[in-house]
Each structure stands twice: as C-alpha cells, then as structure tokens.
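Here the structure comes first, spelled out in structure tokens, and everything after it is commentary.
Because the structure is predicted, anything quoted here is derived from the model rather than measured.
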Amino acid sequence: MATAQQRRLPMYKRIIDDNKKKWMIKEYLNIALTRNRYVDSIIQRTTLGTRIVIIAEKKNRIIGRKGQQVKALADILKSKFNLDNVVIDVIQEPHPEYNARLVALRIADAMAKGIRFRRAAIIALRQLQEANVQGAEVIISGKLTTERSRFEKYSTGIMIKAGQDSLEKVQEAVIPVLLKPGIYSVRVRVLPPEAKLSDRFEIKSPEEVQVKQIESKTEEGNEPAGQAQ
C-alpha cells in the first residue's frame, strides 16, 4: 500500500519508486536464495498488500520445514523494504533440465567442488542435448589455465545472437563463482525446444488450404442453425 508521502508524489515518480523497489526485492532474493536454487520472482501490488511469487527448482528448499523459512523470509522483506501484508507463494520451475539459471548454477557448483571447468561445461551441454533444446551456449571466463584472464566457449545446436528472438526466446543467465585463483563467470544461453523462431514457417499445399477453407465454410454455415435451435 502507498504511504501518504508517496501519494503526494507525481504519478511518474511513484511508478519509478515502485519499479525500483521491485528491482531491489528481486536482487535481494537472488542473493539470499541462490543456494536454494532460486530461479525468478514475480512481485504484484494488490489492495491487500504485496504478493510475491517465487519460482525455484524445488519448492521445499524455499518453504522449509512447516513453512518456517518462508515465514521468516516474509518478515525480513516486510521490515527491510517497508512492505505491508507480504504473502509469498512458491512454485516449481516446470523445466529445470534446461533452465539457463539452473544450468549455470550446476556448472558453478561443480567448479566449486573441484571439477575442471571443461568437464563441467561438456556435461552440462550433454544434459541439454538430452533435453532436446534447439541450441545452447556456455561461456566460462576467468583465470582458466594461466594468470591472465580469458574465456572459453562451448556450444551446441543453433543460437540466436541478434534480433527480437534473441531478447524474447533465448534464456540467459550469468552466475559468478569464487575459487582460489579468483572470481569466475559462468554464462549460459539456452534456446528452449518449444521456442518458435520468426524465420521458420510452414508452406502448406493447395489441397490442405482448400480443405481448411471448406471446413471453415461448413462451420460458418452451421452456426445460424445452432443458434436457431
């Protein structure tokens, strides 16, 4: 709910303040729940308060035993960001096998356990191929083999790098991992199997088009008869 001071602000400033607060809440959840396989969150302002939907790989890791962890999280958000009536819902990521953030987290965890970065990246790409993704790309940067920082890229399938499809249909995540030589970056891009690209279209034969036109005319002719009944 907006305070009296917020109501006196111009509309555009209120919108900026609300979006800024949502961004701060998302960043806090991203840092606080990374180990619990946090994926994303949806923040909604309602007349009754603030509703936060958290998307995670496994719901139980966020909810905790008897819901104690999620209740404590609601209290923290209420006091830290001055929110009223915080309600948190946790839902499970429907496709954890090819979610870009979860894949990057798995690679980062493997590197933290001492697995070589090449092996971790190749295993992740193999799992993505088994999930039938259209394309995937893993970029690992840092002090990989020498004291000088560099990056290595591993890819499979096709990957859209430009255009509206790259913004809307490609999942991308960047996860930092701290090792003894320094901080490494794991960047993952995934083109999901259900993504329909703009340059792909299906050419139908004249027979298929004619059959479809006949079916549509038949349905249109049956509508008045049905309404008259």
Side-chain angles (χ1 to χ4, degrees), residues 18-46 49-115 117 120-121 123-125 127-128 130-131 133 136-142 167-179 183-195:
D18 287 344
N19 290 334
K20 180 181 176 182
K21 183 175 286 189
K22 288 180 180 180
W23 175 82
M24 292 172 65
I25 294 171
K26 280 178 171 284
E27 285 296 306
Y28 176 80
L29 294 174
N30 186 16
I31 295 171
L33 302 177
T34 297
R35 293 184 178 180
N36 296 328
R37 291 291 194 269
Y38 165 86
V39 176
D40 197 2
S41 60
I42 302 170
I43 302 169
Q44 300 172 337
R45 298 292 297 273
T46 65
T50 304
R51 181 173 180 261
I52 301 175
V53 180
I54 295 176
I55 306 169
E57 183 180 14
K58 295 181 180 179
K59 295 194 299 183
N60 295 335
R61 299 185 67 169
I62 303 291
I63 296 173
R65 188 176 181 182
K66 297 181 180 179
Q68 294 179 355
Q69 188 169 321
V70 76
K71 289 178 182 176
L73 180 63
D75 294 336
I76 292 172
L77 294 175
K78 190 184 300 182
S79 60
K80 192 176 184 66
F81 298 100
N82 193 23
L83 302 176
D84 296 331
N85 300 327
V86 178
V87 177
I88 298 179
D89 295 330
V90 184
I91 62 176
Q92 196 157 314
E93 166 62 33
H95 301 291
E97 65 275 8
Y98 58 79
N99 181 274
R101 178 176 172 82
L102 295 178
V103 173
L105 283 171
R106 285 196 287 268
I107 296 173
D109 288 347
M111 292 173 60
K113 292 176 181 176
I115 298 175
F117 66 92
I123 290 173
L125 284 179
Q127 292 173 346
L128 289 169
E130 292 174 356
V133 298
E137 183 181 82
V138 177
I139 301 175
I140 301 177
S141 58
L167 298 175
E168 295 180 351
K169 298 172 184 178
V170 175
Q171 297 183 14
E172 184 174 358
V174 181
I175 298 296
V177 53
L178 178 61
L179 302 178
I183 296 178
Y184 291 72
S185 172
V186 180
R187 182 186 295 271
V188 176
R189 293 189 181 100
V190 176
L191 184 61
E194 71 276 4

Please confirm whether the backbone N or O of [Y] pairs with a side-chain atom of [X], one donor and one acceptor, at under 3.5 Å?
X      : Y      : result
Lys78  : Asp84  : no
Gln171 : Ala100 : yes
Glu97  : Gln127 : no

Measuring only between side-chain heavy atoms, which start at C-beta, is [X] closer than 4.5 Å to [Y]?
X      : Y      : answer
Asp89  : Ile52  : no
Arg189 : Arg187 : yes
Met24  : Lys22  : no
Glu137 : Leu125 : no
Val53  : Ile88  : no
Leu77  : Tyr28  : yes
Asp109 : Val177 : no
Arg51  : Ile42  : no

[atom2] on [Y] to [atom1] on [X], rounded to 0.5 Å:
X      : Y      : atom1 : atom2 : value
Leu73  : Ile62  : CG    : CD1   : 8.0 Å
Tyr184 : Ile107 : OH    : CD1   : 15.0 Å
Gln69  : Ile63  : CD    : CD1   : 9.5 Å
Asp18  : Trp23  : CG    : CH2   : 15.5 Å
Leu102 : Ile55  : CG    : CD1   : 10.5 Å
Leu29  : Ile76  : CG    : CD1   : 10.0 Å

- request: Heavy atoms only: give me the nearest Pro193-Ala131 pair and the separation to one decimal.
  value: CG-O, 4.1 Å
task: For side-chain contact (heavy atoms from CB on, under 4.5 Å), just list the numbers for Thr50 and Thr46, CA-CA rounded to whole Å, side-chain angles, deciding distance to a tenth of an Å, and then say yes or no.
output: CA-CA 6 Å; Thr50 304; Thr46 65; over 6 Å; no
field: Any residue meeting side chain to side chain contact (heavy atoms under 4.5 Å, CB included) with Ala121, in chain and number order, not counting sequence neighbours
entry: Val138, Ile140, Tyr154
query: What do the steps show when you test Val174 against Ser185 for side-chain contact (heavy atoms from CB on, under 4.5 Å), and what is the final call?
result: CA-CA 7 Å; Val174 181; Ser185 172; 3.5 Å; yes
field: Other residues, nucleotides, ligands: >12 heavy atoms within 6.0 Å of Lys59 NZ
entry: no
- request: Flag yes if more than 12 heavy atoms outside Ile183 fall under 6.0 Å of its CD1 atom; otherwise flag no.
  value: no
field: N-O pairing of Asp40 and Arg101 below 4.0 Å
entry: no
query: Hey, which of Asn99, Leu33, Leu105, Ile54 is the one that makes side-chain contact (heavy atoms from CB on, under 4.5 Å) with Val39?
result: Asn99
field: Test side-chain contact (heavy atoms from CB on, under 4.5 Å) applied to Tyr98 and Val190, Val103, Leu191, the passing residue
entry: Val190
- request: Applying side-chain hydrogen bond (donor to acceptor under 3.5 Å, both in side chains), name anything that partners Glu57, two or more places apart in sequence or on another chain.
  value: Arg37
